[in-house]
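To keep things clear, I will list the structure first and then write my remarks on it.
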Amino acid sequence: YLFYLIIQKVNCSCESIPTPYTSVKSLTHPTLPIVYLSGLEFHIYSLDSCYGNLSLITSYPNDTHGFVISADAKYLYSCTLISSLLIFQIDSFGYLTYVNSIVLPSFCYDVAITNSGQYLYISETTRTIKTFEINSTNGDLTLIDSINTTLFIVGIDISPDNNFLYAADYLNSSVQIYQINSTSFKIELKTILYLNESIVDIKISRSGLYAYLMQRNTYTIIRCDVDTSTGLLSNLINYISVTQFANFIEISLDDRFIRIAGSNLTTFIQQTAQPIICNSTCITISATSSISSSISISSSISESPSSSISESPSSSISES
């Protein structure tokens, strides 16, 4: 099918924090006013729940890329640049204690956990996605599946209903959508969404209704509607643009805040039906008007789009 980007004004930026090193990913603790930030060091920030503003509490000398917090908020799993997956215990204040590590055959980019808290998935530079079962007692992991993607997967995320895994393919400018087996929790490729620019991350809103895609070259986030029954993405719009290097996206637990990690850690407040009062440092973010190319979705498993890319929008939807 063919879909086209729409231009829209959407957000208010309430804070942009320069980071000591290029930041990779941020995550908010599900119950504590704490935000974790990975990079050449691992940082912990206190969170102002009203405006989303952050203040640095402490740092750990740990070179971390993607990471995730367990569903019960007892453990944090982090990918490192030394080809390992580290397991930390989270105490009642949000601080971390090293527990264990798993040696991997290659560098791990990102990690995601099902909402049920039973299964964990990682993306690796060997172009594989691995599935682990989580021991709820001690947080240990048991490998249960590994699939070759043939593509260069970076950011990954899972739908709130645990039915779909989404993977950002950097080299082929696409998003892979996998069906998660409801019994085994192994994944199977369902379809591929091809875009016109490299995608480094994808995150699904807590409501499950929207997907957010980070474009590498323009540092623009595209927002898509999610069909919760099929997992397919549609109605793509330019949503947020930043002027500096950007990596991963974080969506807050209430879907109100979006954080973008990169040269800075920037927090945006999403506009809703109810007006949101921002502080005086907020600015309105407008989508750029330069993108008019189409987006194609293919149900095939090939590495290149099966349909041609049209440069002029069309209101019709055609099969590819």
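All values below were derived from every heavy atom in this structure, side-chain atoms included, with hydrogens, water molecules and symmetry-related copies excluded.
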When the aromatic ring centroids of [X] and [Y] are compared, is their separation below 6.0 Å?
{"X": "His43", "Y": "Tyr36", "result": "no"}
{"X": "Tyr109", "Y": "Phe152", "result": "yes"}
{"X": "Phe67", "Y": "Tyr77", "result": "no"}

Considering only heavy atoms from C-beta outward, does the side chain of [X] approach that of [Y] to under 4.5 Å?
{"X": "Asn163", "Y": "Ile180", "value": "no"}
{"X": "Ile57", "Y": "Tyr95", "value": "yes"}
{"X": "Tyr60", "Y": "Glu41", "value": "no"}
{"X": "Asp225", "Y": "Leu209", "value": "no"}
{"X": "Leu104", "Y": "Leu85", "value": "yes"}

Under 3.5 Å: donor-acceptor pair, side chain of [X], backbone of [Y]:
{"X": "Asn264", "Y": "Thr266", "result": "no"}
{"X": "Ser84", "Y": "Ile102", "result": "no"}
{"X": "Ser38", "Y": "Lys25", "result": "yes"}
{"X": "Ser159", "Y": "Phe164", "result": "yes"}
{"X": "Asp255", "Y": "Ser205", "result": "no"}

Query raised in the report: How close do Ser26 and Val35 get, heavy atom to heavy atom, and via which atoms?
Result: CB-CG1, 4.2 Å

Of [options], which meets side chain to side chain contact (heavy atoms under 4.5 Å, CB included) against [X]?
{"X": "Ile222", "options": "Leu195, Ile237, Ile202, Val175", "value": "Leu195"}
{"X": "Ile260", "options": "Tyr212, Phe268, Phe248", "value": "Phe268"}
{"X": "Tyr166", "options": "Ile158, Ile156, Asp201, Leu233", "value": "Leu233"}

Query raised in the report: Any salt bridge between Lys130 and Glu124, counting N to O under 4.0 Å?
Result: yes

Query raised in the report: Between Asp169 and Arg127, does at least one N-O distance fall below 4.0 Å, as a salt bridge requires?
Result: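 No, no charged N to carboxylate O under 4.0 Å.
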
Report task. Report the C-alpha distance between Gln179 and Ile187 in whole Å, list the side-chain angles of each, state the deciding distance to 0.1 Å, and finish with yes or no for side-chain contact (heavy atoms from CB on, under 4.5 Å). Result -> CA-CA 6 Å; Gln179 184 87 47; Ile187 61 174; over 6 Å; no

Query - Stepwise side-chain hydrogen bond (donor to acceptor under 3.5 Å, both in side chains) check, Thr28 with Ser252 - result: CA-CA 7 Å; Thr28 303; Ser252 66; over 6 Å; no

Requested in this report: Begin from the C-alpha positions of Ile192 and Leu189 and carry the test side-chain contact (heavy atoms from CB on, under 4.5 Å) through to its verdict.
Outcome: CA-CA 8 Å; Ile192 301 175; Leu189 185 58; 4.2 Å; yes

**Report entry** Test side-chain hydrogen bond (donor to acceptor under 3.5 Å, both in side chains) applied to Asn172 and Ser174, step by step
**Finding:** CA-CA 6 Å; Asn172 295 278; Ser174 70; 5.7 Å; no

**Report entry** Working for side-chain hydrogen bond (donor to acceptor under 3.5 Å, both in side chains), residues Asn247 and Arg216
**Finding:** CA-CA 8 Å; Asn247 276 309; Arg216 168 46 54 90; 3.1 Å; yes

Report summary line: Interatomic distance, CZ@Phe107 vs SG@Cys79, rounded to 0.5 Å, equals 7.0 Å

